[in-house]
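Down below is the structure, laid out as structure tokens.
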Amino acid sequence: MRSKLKKDYPNQFDITAAGYLLATETVLDGVRELYEELGINIAFEELKALGCHSLYDT
């Protein structure tokens with residue numbers, strides 16, 4: 001949660017991690033980002049799909 005002293009969006013939840021996949025990577029490579037950003041070591045099969053988002057969706 002953001003500090004109550006922040007100018008923008010005080011006391012609001014914020015991004016914990018913001019890793020990115022390369023264009024050559026797949027969703028399966030996302031588990032590496034979980035480890036790199038948060039130290040979470042989990043198998044892909046243990047994840048629950050919540051949907052996908054693309055900056056290029058119209």
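Worth knowing before you read on, the calculation uses all heavy atoms, side chains too, and leaves out hydrogens, waters and symmetry mates.
A search for salt bridge (Lys or Arg N to Asp or Glu O under 4.0 Å) contacts involving Arg2 returns Asp14, not counting sequence neighbours. Ala43 is linked by a side chain to side chain contact (heavy atoms under 4.5 Å, CB included) to Glu45, Glu46, counting only residues two or more places apart in sequence or in another chain.
Sorted by first then second residue, the salt bridge (charged side-chain N to carboxylate O under 4.0 Å, His left out) pairs that include residues 18-32, not counting sequence neighbours, are Glu25-Arg32, Arg32-Glu36.
Under the 4.5 Å side-chain heavy-atom criterion for Ile, Leu, Val, Met, Phe, Trp and Tyr, Val31 and Ile40 are members of the same hydrophobic cluster. There is no path of hydrophobic side-chain contacts, each under 4.5 Å, that joins Tyr9 to Phe13.
Contact detail for Thr26 and Leu21: the closest heavy-atom pair is O-CD1, 3.5 Å. Summarising the geometry of Val27 relative to Phe44, their closest heavy-atom pair is CG1-CE1, 3.8 Å, with the distance given to 0.1 Å.
For the atom pair Leu34 CG and Ile42 CD1, the distance stands at 7.0 Å (nearest 0.5 Å).
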